[in-house]
Amino acid sequence: MNKEIVIAGFGGQGVLSMGMTFAYAGMVENLEVAWMPSYGPEMRGGTANCVVILSDQKISSPIINEFDTAIILNQPSMEKFESMVKPNGEILFEASTILSPPTRNDIRQYKLPANAAAQSLNNKRIMNMIILGAFTQLNPILHDTSIMTALKKVLPERHHHLLPINEKALHRGKELIYR
Amino acid sequence: MNKEIVIAGFGGQGVLSMGMTFAYAGMVENLEVAWMPSYGPEMRGGTANCVVILSDQKISSPIINEFDTAIILNQPSMEKFESMVKPNGEILFEASTILSPPTRNDIRQYKLPANAAAQSLNNKRIMNMIILGAFTQLNPILHDTSIMTALKKVLPERHHHLLPINEKALHRGKELIYR
Amino acid sequence: MAKIKGHVTIRTENCKGCDLCVHECPQDSLQLSTALNTSGYPYAVLVNDTCTGCTNCALVCPEAVITVFREGKKKPIAILSHVTENITVDITS
Amino acid sequence: MAKIKGHVTIRTENCKGCDLCVHECPQDSLQLSTALNTSGYPYAVLVNDTCTGCTNCALVCPEAVITVFREGKKKPIAILSHVTENITVDITS
Amino acid sequence: MTEPLIEPQHIQCENLDQMDQVWTRPETLIDRKLHYCPGCGHSVAHRLIMETIDELNIQETTIGVAPVGCSVFAYHYMDIDMQEAAHGRATAVATGIKRVLPDRIVFTYQGDGDLAAIGTAETIHTINRGENIVIIFVNNGIYGMTGGQMAPTTLPGFVTSTSPNGRDTHTMGYPLKMAEMISVLPGAYYVTRQAVHSAKSVRKAKKATLKAFQYQMDGKGGTSFVEIVSNCPSGWKMTPVESNQYLDDEIFDFYTLGDIKLPPKE
Amino acid sequence: MTEPLIEPQHIQCENLDQMDQVWTRPETLIDRKLHYCPGCGHSVAHRLIMETIDELNIQETTIGVAPVGCSVFAYHYMDIDMQEAAHGRATAVATGIKRVLPDRIVFTYQGDGDLAAIGTAETIHTINRGENIVIIFVNNGIYGMTGGQMAPTTLPGFVTSTSPNGRDTHTMGYPLKMAEMISVLPGAYYVTRQAVHSAKSVRKAKKATLKAFQYQMDGKGGTSFVEIVSNCPSGWKMTPVESNQYLDDEIFDFYTLGDIKLPPKE
Amino acid sequence: MSEKLLMKGNEALAEAAIRAGLKGYFGYPITPQSELLEYLSHHLNNRGGSFLQAESELAAINMVYGAAGAGVRTMTSTSSPGYSLMQEGVSYIACAEIPCLLVNVVRGGPGLGTIQPSQGDYFQAVKGGGHGDYKLIVLAPDSVQEMADFVYLGFDLADKYLMPVLILTDGALGQMMEPVTFPDYDVEKNKVDHSSWATTGKLTSRSQNVITSLHIEAEKMEDINIHLQKKYKTIQENEVRYEAINTEEADIIIVAFGLVARVAHKAMENANKKGLKVGMIRPITLFPFPTEILLTLSEKVDQFLVVEMNAGQMVEDVRLAVNGKIPVDFYGRMGGVIPQPSEIVDKLIQMDSSKTHSK
Amino acid sequence: MSEKLLMKGNEALAEAAIRAGLKGYFGYPITPQSELLEYLSHHLNNRGGSFLQAESELAAINMVYGAAGAGVRTMTSTSSPGYSLMQEGVSYIACAEIPCLLVNVVRGGPGLGTIQPSQGDYFQAVKGGGHGDYKLIVLAPDSVQEMADFVYLGFDLADKYLMPVLILTDGALGQMMEPVTFPDYDVEKNKVDHSSWATTGKLTSRSQNVITSLHIEAEKMEDINIHLQKKYKTIQENEVRYEAINTEEADIIIVAFGLVARVAHKAMENANKKGLKVGMIRPITLFPFPTEILLTLSEKVDQFLVVEMNAGQMVEDVRLAVNGKIPVDFYGRMGGVIPQPSEIVDKLIQMDSSKTHSK
Ligand SMILES: Cc1ncc(C[n+]2csc(CCOP(=O)(O)OP(=O)(O)O)c2C)c(N)n1
Ligand SMILES: Cc1ncc(C[n+]2csc(CCOP(=O)(O)OP(=O)(O)O)c2C)c(N)n1
Ligand code: SF4
Ligand code: SF4
Ligand code: SF4
Ligand code: SF4
Ligand code: SF4
Ligand code: SF4
Ligand SMILES: [Mg+2]
Ligand SMILES: [Mg+2]
């Protein structure tokens, strides 16, 4: 198993911690993991993204140009990453922010109303968790318990009261797929 | 002809301009010349010296450790340079400042009362010129006229009224030898 | 009403939803959208016709996306009309 | 004379003939030599017995070569004597 | 599950062409999406400078210097000749330009980390020489570009990524008031502290900027120094609105707004 | 031709051992010929510091930092642990030492080129942090070591090897009053300007030095800054006596002697 | 051994430094290094050391000079432009023989460049970016784990040889998160007595300790240089570290360090799958450079391929080591671009076929 | 051609700079370079340029960046520690492609070292002391005359290739006086039009000129690097300068630059008198290095001897050029000591006899 994922949006959408949650969960499951953020001034008002690799082999290079999965949270990121998805790969994207959906037809596309779903759960911040849920539904490589363990590590202590709503979001995300 | 000379004393005694006068005079006579000062913090209250090379061939290196002639104006300089005079070379030294005269007997020594002679000409600053005179008397490679031309270049314009007394000093220096 | 009639146009695609214009408008004429522009930001919209063209919003707008208009002395009165832009989001899976 | 008797010793070999002590001495007790020490400098010498041990010279001496003495209350009076150090310079050629 | 998000109604004007356009972006401000975070004062400061250049009609003679900091890409937005400078060295670069092209208008645009930390020596000596340039000093009390570390200008107690318990003046020193400090130098000609967080402050800051450039054009001799106390919503971990409120509530008490040194004649 | 040079008569004292030795060089001043030019104030300043260390009995706990400048060889004369610092960085080096050995007494000994030109940023930030160290600042208005170039502290009109027509404030700036400038920093605890050109000034300077070190020992918090306005006979192209006269006649008018900032309680 | 943690390379390095007994840290923010500084600002003061954000890199390196000169474990970290600013200070520290740890999290240059990872500072690190003849021990980690491990090694070597040790890493290794564990390291046991030279206060029982790099007389300065060169020779003889993979059967040996070594490793595997015989040497110490093994291998293999994220820097040291015995080829990407395994494989295939052609 | 003057190397260089049309000079005092600064402070302002004593070398190099970026002939000068401080700036200038002249009057390092002459900064000059992949054209004069001559050449090359040119000289050449004459040089004729990139004010007739070294995207930054490397290649092909002496009949070739070349020249003469067959190559451009001639000669001669005033730096470039074809020996003095001809002769004799032995 070797899963190469990019998560992209703009700074402030929480793409980095979303990736970290992936990576931590992978580590919990004893996978080899690497997490690589974009960094620096790109992040000022522009795009932010991170790459997560989950693998059962040693990871040679954390810097990759092709991905199995792209999780896309805004239009500029779509423009940047659509072409980098491997044939037969998948793109999960937030529905409301994407004007022009992907045009490739050699990949699977999932248009997720995560923003709306988050608002219906009365918490904008859990949009990420909803998408993470959708991803795990599509790619059953991480157990929910691992993800929640990971989230505990990633979330600062003072936000631990948000764990239940996040768990809810995770399931909400899964539902978006299996419905 | 290749003459390698060191002139050494402490900062303020005018050893550098003395050397420059040599070099300029050499150039006037179409010799190859090089002048190399000691420089930097050594000069703060310590010793100051310069090396002059006069030659009828291209000068390969201006940095030398052995000299045909050493002109020595204080005791620390004597200690530093006595050993660097080539066998059969010569040391000219100012009499009053040297407590321990050179001990080598493979070189010629000239103990010159230049300070006293300068004072008797009522000008401490011409001590150097007296010694230069003595040198040219011993080493007839530079004409008096070349030296005076050189001095004109080396002395700032505002000191040109001192040229006559310097010429006198030059001759006084020669006398110190041929007397 | 002695108030001068004003109007603003906003290039919403370059708006970053900072909310500063909304807070700076003395007429409460601006609001942020709940929908997002393609950069992912909510954006400012003019929500009523009380704008006086005071330029406050434009002066604080970091993105310089607001242009302000004001009724000139000799110019006819601006005719304002309501336009609704509904953005509907579908779930696709 | 109510003045305290003082005295200074000077390590002339380390003196640089800066003349500062000479100028600072309120008693005009110091002078520079015309002869030079082995470094090539003239050096300060105590030239009379009016020194009060005020330490001025020592305080300004950059080379810290002056040591100052003063008649103590219980100490016997210092006996001063003149010593001449002539330095004679020969011409050798 | 389809829950449409309704936009607020957007008012449109049907006879816009018959109204006066009373405000729009300056022409020399290049029309390009700014890379700054939402609500960042840098953008406003940029605009003010370009308005000034437009109004003084000096686009052809002005050379700008922006060092690294969030505003490192200033040349993407300012349609004038520009030099990007190394961190802290903007005033040295500007000095170089002004010395060989004395009839050009030269300004620097610097952050507080740049001007008051690594560039302290250059700042002080440039002003001490009275270089006839304009320094625009955007003081947001933090290192914005590198992600919110403490700056020399950070207020006591303020939490940043390198002062996790708040700036402790005992070990990290006190916020430096550069404007006051350099105002004692004879080379400082005009020193002012402004803000751009409200329409009112923007109007004032604009006047100050205009004056500063005008002084340079007049060749009055001396450096004009325009400090703009600004926000950094990202670094401060506040919304833009909160950050501007914070300026009013906390920061201006310490960094008092207003002119600090006026030219002799005024 | 033999003209003997007659020495002035040197008075000797026959019963010296019965007199009180009221003044001699401090023990921690290493007995070695100083390399300074005749009449140079550096030598006196060295001695004052060593007297202070002797009197406070802190030889075992004191660490000195001297950067390049004529006083670069300070460690040849000061019998304490010392670090030679790069040009301008003495206070950074001292900060490093003090931060890891907070119970030691740390001082820097810096020239004006060092402290006020290349080291400006370090000077200001060290003091702004209120590092509990002593800075001895020997201001001779020139770059002595490198042969008499203009320093930031050089007076207007003064001729140096790089201001051949005298310092022109229009192009070369104004002499920087570092002591005044840094005294506004909260981290500056004690700031004083002294001289060592006369017995009287030496006595005062000694008191100031003692105070500065004592404050550090008391850990009062803050930097003590002792400026010593001094001469550079070689760089100024004057005799030592002339140079000291020049201090009195010209320099102290600009660099006024005396305390500039006293600790809060005094 | 600590539990396995997921950490950024920069943070792992910082955590290791604390565990290695760091007493003084002085640094300045710069991407992609800032997390290192930030981590220490959060944790060092509580764990026995002193953290200070300096006003510049220049100040930072000179604070290191001071603190390390006082005999305690001291460190700074920066990225390329900041490291350039430290060159004077580094030269001073090397000459004054002060042990300390420097970290350069390299980004793409020259100039302000980019913040993406690079190896463009190899020459600066290894040939001495500052003035004069000096060297640093240079360690090149290739993983977050080594980012941590080399801190201990670095401090130990610094203390042993009284010189600065540089960890030369890059933005990707600094920014990425990988699992890491921290070894048990006994600070007290590894402590070296520096009282003979460190400036801690001149006790009456000893003569003064002076830290200086100034020796005005050329002869004296030459002695200092001879001493330094002797030390560097000892280090070259004793401290070379490298990793050799598949060198037994190889026709082509890839030489790569740091992050690139990981990419090259993947390329080697892929190439071997395609039937090429490729091995690899990963220099861990860039100075001392693993000259000897390369020379030895040059007797056995056909070609070397050096892969770097620069225009070709370490390749010179490889060529110097091999001294013309066999061809040394180069593949590099610049300006922050990381080569992909496939590019290297292509290069290997091309080398292999050209060899066959020439046969 | 001017009359023959007796001048210090530093002063001759300064005078030549004025004659070459120097418009901006920014520098800071340091021994043994200060006369250069002083000379310009006396003469530049009256002769069409602008002199400014900066507050530091850091400020100076960045003033150069600014002024040279404005398209005029600009220069700074310093000595080793000061040049180390300029490394960040130099890297910026190289990347931003700004033409200017830099002078390093080298003294013995590392650290504060000594003020005596040295060649210890060869690596720093040639491999790039700053971060990233960049190069300067490096000129090495060996006499006061060349100190002057290379100023014109330096400015012309800088303008031609849009890059900094470094004159790498040493304290002895800077301080010594020798006769010098100044060629006729027509500033106007040699003027290069920089209006396409220099920041002189954005006329409405053109788009903005921006000077920057920042390219955040790695791919863009790589393009910049590719462009730079291409330029360096062109320079390597077209601008190599060296002096070849007695290379026809030689068994041993001495390679030496700058002051040492003069000493080596004397040694060569003396050795030839003793019956050895010694020739000499004096690299004048250190980058571009005269690689080709060395390679060519390696087919004809038995051995190379590199002589330097350092621990062995240029010798690496000679070895890289020769690539193992024949032995390359080294003789060096360090820390400000200048080798004497006799030492080199001894070394040559030893090399010659060891060769005979091995025959
Ligand atoms: C020599 C050097 N050191 C550090 C950096 C990293 N750096 C870039 S900008 C910056 C400071 C940004 O703060 P500020 O100047 O206040 O500007 P802001 O982003 O807050 O507007 C730093 C430290 C650098 N580019 N170069
Ligand atoms: C980086 C660097 N630049 C320049 C120098 C040369 N230098 C040595 S001391 C000095 C200044 C001396 O002036 P100051 O600090 O006033 O000390 P002074 O000699 O007058 O006591 C300079 C410029 C140096 N050693 N290092
Ligand atoms: S112009 Fe004034 S009134 Fe109109 S929207 Fe803007 S701030 Fe409100
Ligand atoms: S101020 Fe400008 S950017 Fe901010 S919300 Fe209003 S229009 Fe948008
Ligand atoms: S102690 Fe006083 S009185 Fe005596 S010599 Fe010295 S200055 Fe003169
Ligand atoms: S003050 Fe000291 S050095 Fe100067 S002349 Fe007097 S004794 Fe000599
Ligand atoms: S980080 Fe701060 S200063 Fe930089 S763009 Fe964002 S808000 Fe503005
Ligand atoms: S040059 Fe000046 S400061 Fe230096 S020792 Fe001489 S007199 Fe003193
Ligand atoms: Mg800031
Ligand atoms: Mg000074």
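Just so it is clear: chains get the letters A, B, ... in the order the sequence lines come, proteins before strands, and each one is counted from 1. Side-chain atoms are counted along with the backbone in the values below, which use heavy atoms only and exclude waters and symmetry mates.
- Comparing Gly120(G), Ala218(G), Gly89(G) by heavy-atom pairs within less than 4.5 Å of chain H, the highest count is held by Ala218(G).
- Here CG of Leu112(G) is found 8.5 Å from CD of Glu88(H). Values are rounded to the nearest 0.5 Å.
- There is no side-chain donor-acceptor pair under 3.5 Å between Thr114(G) and His215(H).
- Residue Gln313(G) touches chain H through its side chain alone, counting heavy-atom pairs closer than 4.5 Å.
- With rounding to the nearest 0.5 angstrom, the CD atom of Glu222(G) is 4.0 Å from the CZ atom of Arg333(H).
- For Ile338(G), no part lies near chain H; criterion is any non-hydrogen pair under 4.5 Å.
- Looking only at heavy-atom pairs under 4.5 Å with chain G, the residue among Asn323(H), Asp133(H), Val337(H), Asn310(H) that has the most is Asp133(H).
- If you measure heavy-atom distances from Leu320(G) to chain H, the contacts under 4.5 Å come from both the backbone and the side chain.
- Interface check for chain G: of the options Lys325(H), Lys220(H), Gln229(H), the most heavy-atom pairs under 4.5 Å are formed by Gln229(H).
- Atom CE of Met86(H) is separated from atom CG of Leu85(G) by 12.5 Å, given to the nearest 0.5 angstrom.
- Distance check, rounded to the nearest 0.5 Å: OH of Tyr83(H) to OG of Ser91(G) gives 14.0 Å.
- Atom CD in Gln124(H) sits 7.5 Å away from atom CD in Gln87(G) (nearest 0.5 Å).
- Interface residue Ser80(G): backbone and side-chain heavy atoms are both found under 4.5 Å from chain H.
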